[in-house]
Structures are given as C-alpha cells and as structure tokens.
Amino acid sequence: MSSKLKKVHQETYQRKALTWSFGDEFLDTETLRKLHYGNLVLRRQAHLFLSHGVITAVVLLSLFWLVTANWKLISSLTGLFADDKAPMVECYEVVTSVTQLPPPPPLNAPEPVPVTPSAAVPAPPNVGKIKQVSQAEVPLQQTVATQKELKQAIQTTGAGSGSGTGSGDEVPMYVPCEKLPGFLDQKKPLYPEMAKIAGITGKVFVSVLIGEDGRPIKAKVMKRIPADCTVFDAVTIKSLMESKYYPAMQNGSPIKVWFTVPVKFQLD
C-alpha cells in the first residue's frame, strides 16, 4: 500500500510540480543526488506557493468586498441584524415644587419715599410687677399645656394639614414632609397607536394625590410638552392610577400629599 502511494506521489510531482518549476536556473538535485528536499527544491517551487497565496488573498478580499457592499441586502434577507423599532417609554420618579414669583416692578416706577425715624421714642408699656401669691390663691384650672399635650397637638395638626377633608381638593399642592411618597410598582403607559403612526412625541407632567394608605385618589395633568398635545393624557393618568405607591411620612404618621411624575413618550 505504501509503495502505491509513493508511486502516485512521484507521478503527481513529476507531472505538475516539475512542469511548473524553473529547471534551467537551478541545479537539478533530484537527478544528481536523488534528493527531493532541501533549499534548491524549495526555491525551484517558490513561485507555486506565491501564486497560491496571491489567488487566495484576492478571493478572500473579493468576498469581503461583496459582503460589505451588500450588507443591507443580506441583513434584510436573513433578518439577523434588523433594527429594533419598538417605541420606548421613559418614566421618571420626580417630585416637583413650582413657586410662582411676582412680576418684576416696572422700570418707570416712582422711588419710594424715605422714612425718617421719629425722634420721640414711645414709652414701654406698663406691665406691672410680679406678685407672689399663696397656694390657696392659685386657680385649680390648668392654664398651661404640658410637653406631652403640646407634642400630641403638633402631630394632630401636621396630619390634618396633609389629609384634609372632603374630596381631596383642599389638600395644598405642596405639603412639607420628612419622607416623600414613591413607587412600589410603577405601570408603564402604552404608546397610543395614532401617535405612533403619526410620529408624535411629547412629555406630560401629572400630579397624583396619594392617600395615607398609599393608594392613588385622583390625578390631573399639570403641564404638557408641547402644550397643545393632549394625546398622551389619558394613557398617562390610567397608568399612574393603576400603579402602587408608599405614602409620605410626617412626624412618624402617613399623610396625604400630591406626587408629581413626568412621563416622556419617545419613538426610536
């Protein structure tokens, strides 16, 4: 078996390698010394390896150019590198407090009249003198509250100012509290189909009234960007009313406050 393989190898070598080798420029070591290896043999066949390398490089470069030139067509046919065009809805948890400043004074306003202090100093009021009385003359009714009663009164006043009475409209937009409310489970709003088709984007600021138990009582839109875009109002209010919250805390007790949330609608 080995002799047959050796014979086939020699015939192939003589028919192809020797045919394409430079026989006149180099010493014929195969005939003189019966050597089929070495520097002279490799140098005679160097053009074969060079031509194979050049052809392989040209083929690989052509394939690379064809792939890069038709990348969009290949990606559209295979669907492996398709872009994700799903709409993205970004939700933020922010508590905002807007303070309305008075308008600036006019430039041509008259200068205020300087007030000159009067020379006469009013006499201090006559409050009398402290008089020590006996224990029998002290009234039995308590006239000054204790520290414990004062603390309970402050807590009751603080909780009442946040909770309010009635439908919830009497709660002021900003109530100072030690711990702000927040989301336990925030529901993301659905992008309206008509706005998605029309390519409309925007931002909505919605205030949600959070009760003492953390449940949303009502919500109302405070601001829109753009101002005339009302297509996102309904889905934003619905998602915020379906979300779960934890209440605000003041003096260790939950209170009812307004919670402002901006929701941004953007298409990728």
Side-chain angles (χ1 to χ4, degrees), residues 72 75-76 81-109 158-250 254-268:
K72 291 185 178 180
S75 61
S76 62
F81 306 98
D83 297 334
D84 187 11
K85 297 183 179 180
M88 181 183 64
V89 179
E90 297 182 1
C91 298
Y92 300 91
E93 177 183 347
V94 180
V95 178
T96 57
S97 174
V98 180
T99 302
Q100 296 292 339
L101 298 178
L107 298 178
N108 54 357
S161 62
S163 59
T165 58
S167 61
D169 293 335
E170 299 178 1
V171 179
M173 289 303 299
Y174 177 73
V175 177
C177 55
E178 298 173 353
K179 182 180 179 181
L180 300 175
F183 286 102
L184 291 176
D185 183 14
Q186 183 178 6
K187 302 294 183 181
K188 291 186 177 181
L190 297 177
Y191 212 107
E193 191 66 24
M194 296 300 296
K196 188 191 305 183
I197 296 174
I200 301 175
T201 60
K203 195 172 184 180
V204 185
F205 294 82
V206 179
S207 291
V208 185
L209 183 60
I210 308 299
E212 293 89 342
D213 54 355
R215 295 183 181 180
I217 300 175
K218 62 184 303 183
K220 56 184 178 180
V221 177
M222 303 301 295
K223 184 180 179 182
R224 304 178 187 91
I225 300 176
D228 57 347
C229 182
T230 61
V231 68
F232 303 114
D233 294 356
V235 293
T236 305
I237 292 176
K238 180 180 178 182
S239 63
L240 293 178
M241 291 299 293
E242 293 177 354
S243 301
K244 296 181 180 179
Y245 308 83
Y246 57 84
M249 303 296 292
Q250 177 67 17
I255 60 174
K256 184 189 302 182
V257 295
W258 287 96
F259 180 47
T260 304
V261 182
V263 181
K264 183 178 181 182
F265 292 85
Q266 180 179 357
L267 290 171
D268 291 338

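Keep in mind it's a predicted model, so treat the numbers as computed, not measured.
- Side-chain atoms of Gln250 come within 3.5 Å of backbone N or O of Glu178 as a donor-acceptor pair.
- The shortest side-chain heavy-atom distance between Ser243 and Gln186 falls under the 4.5 Å cut-off.
- Considering all non-hydrogen atoms of both residues, Ser239 and Pro189 come closest at OG-CB, 3.6 Å.
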When the side chains of residues 228-235 are checked against the rest of the protein, which donor-acceptor pairs come out under 3.5 Å, sequence neighbours left out?
unit_1	atom_1	unit_2	atom_2	d
Asp233	OD1	Arg224	NE	3.2
Asp233	OD2	Arg224	NE	2.6
Asp233	OD2	Arg224	NH2	2.8

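- Atom CZ of Phe205 and atom NZ of Lys264 lie 10.5 Å apart (nearest 0.5 Å).
- Side-chain contact between Pro181 and Phe259 is present, with at least one heavy-atom pair separated by less than 4.5 Å.
- Counting only heavy atoms from C-beta outward, the side chains of Glu193 and Lys196 approach each other to under 4.5 Å.
- Residue Leu240 comes nearest to Phe183 through the heavy atom pair CD2-CZ, 4.0 Å, listed as atom of the first residue, atom of the second, then distance.
- At least one side-chain heavy atom of Ile217 sits under 4.5 Å from a side-chain heavy atom of Lys256.
- Nearest heavy atoms, Pro247 versus Gly211: CB-O, 3.5 Å.
- For Lys244, the side-chain contact (heavy atoms from CB on, under 4.5 Å) criterion is met by Leu184, Asp185, not counting sequence neighbours.
- With rounding to the nearest 0.5 angstrom, the CE atom of Met249 is 11.0 Å from the CD atom of Glu212.
- Across every non-hydrogen atom of Glu242 and Lys187, the tightest pair is O-CG, 3.7 Å.
- Annotation: side chain of Trp258 is in contact with side chain of Leu209 (closest heavy-atom distance under 4.5 Å).
- Residues Val206 and Ile237 have side chains in contact (heavy-atom distance under 4.5 Å, counting atoms from C-beta outward).
- In terms of heavy-atom proximity, Gly199 sits nearest to Leu267 at CA-CD1, 3.6 Å.
- Here Ser207 pairs with Thr260 under the side chain to side chain donor-acceptor pair (under 3.5 Å) rule; sequence neighbours left out.
- Between Tyr191 and Ile200 the shortest side-chain heavy-atom distance does not fall below 4.5 Å.
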